[in-house]
Amino acid sequence: MAGLGYVRLPRVVFDSACKGDREDVIVWLDAGGHIDALCTWEETWKGGGCTRSATLIQAAVGMGRLGLTRELLQRGATILVQNSTARQP
């Protein structure tokens, strides 16, 4: 994350964003979580694997969680951060 350094987003919070669980995400943010933190995880499959990464806004947009997406944007989430496949939300 250019200019931000690496701020870790816990996988459980990322999963909450994917599910659209606004309350869990907001509790984490209100406790000091960084709006543009990055979650990383390993994916493996027969014959290979890779490291993936994404932010809360990317999780919410990717899963069609419109209400959470709006909330994250209102709180200042940037759409300029790229995920592990160089995509932006």
Side-chain angles (χ1 to χ4, degrees):
M1 293 178 9
L4 293 175
Y6 176 76
V7 179
R8 184 180 173 276
L9 171 63
R11 181 63 191 248
V12 67
V13 179
F14 178 83
D15 290 344
S16 291
C18 288
K19 294 179 220 171
D21 190 341
R22 180 190 173 279
E23 185 176 334
D24 284 352
V25 173
I26 299 310
V27 164
W28 183 77
L29 289 170
D30 288 347
H34 194 287
I35 192 77
D36 291 320
L38 192 65
C39 180
T40 60
W41 66 96
E42 298 293 322
E43 286 189 1
T44 58
W45 54 87
K46 186 176 180 177
C50 66
T51 300
R52 300 281 189 180
S53 62
T55 62
L56 286 172
I57 191 81
Q58 291 164 335
V61 169
M63 298 304 289
R65 308 300 184 193
L66 187 56
L68 182 57
T69 298
R70 285 186 184 133
E71 175 81 23
L72 294 170
L73 288 171
Q74 289 171 350
R75 287 175 169 256
T78 182
I79 59 170
L80 300 177
V81 177
Q82 294 181 344
N83 67 9
S84 58
T85 58
R87 293 185 179 152
Q88 296 171 320

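For the single chain, residues carry numbers from 1 onward in sequence order.
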Would you compute the distance between atom OG1 of T55 and atom CD1 of I79 and round it to the nearest 0.5 angstrom? 10.5 Å
Shortest non-hydrogen contact from V25 toward V13: CG2-O, 4.0 Å
Sorted by first residue and then second, give each ring-ring contact (aromatic ring centres under 6.0 Å, His included) pair with at least one member in residues 10-32; sequence neighbours left out. F14-W41
Consider side chain to side chain contact (heavy atoms under 4.5 Å, CB included). Of L66, T69, L72, which one does V61 pass it with? T69
Suppose we screen for salt bridge (charged side-chain N to carboxylate O under 4.0 Å, His left out). Which residues come up paired with R70, at least two apart in sequence or across chains? none
For L56 and E71: C-alpha separation, side-chain torsions, deciding distance, then whether side chain to side chain contact (heavy atoms under 4.5 Å, CB included) applies. CA-CA 11 Å; L56 286 172; E71 175 81 23; over 6 Å; no
Can you pull the ring-ring contact (aromatic ring centres under 6.0 Å, His included) pairs that have at least one residue in residues 59-80, sequence neighbours excluded? none
Here the pair of heavy atoms bringing A77 nearest to D36 is CA-OD1, 3.6 Å
Would you please name every residue forming a side-chain hydrogen bond (donor to acceptor under 3.5 Å, both in side chains) with E23, sequence neighbours left out? none
Set of salt bridge (charged side-chain N to carboxylate O under 4.0 Å, His left out) partners for R65, sequence neighbours left out: none
Applying salt bridge (charged side-chain N to carboxylate O under 4.0 Å, His left out), name anything that partners D15, two or more places apart in sequence or on another chain. R11
Here the pair of heavy atoms bringing R22 nearest to L68 is CA-CD1, 4.2 Å
In short, L9 meets A54 closest at the heavy-atom pair CD2-O, 4.2 Å
I26 to R75 - nearest heavy-atom pair and separation: CG2-NH2, 3.3 Å
So which heavy atom on T78 is nearest to which on I57, and how close? O-CG2, 3.6 Å
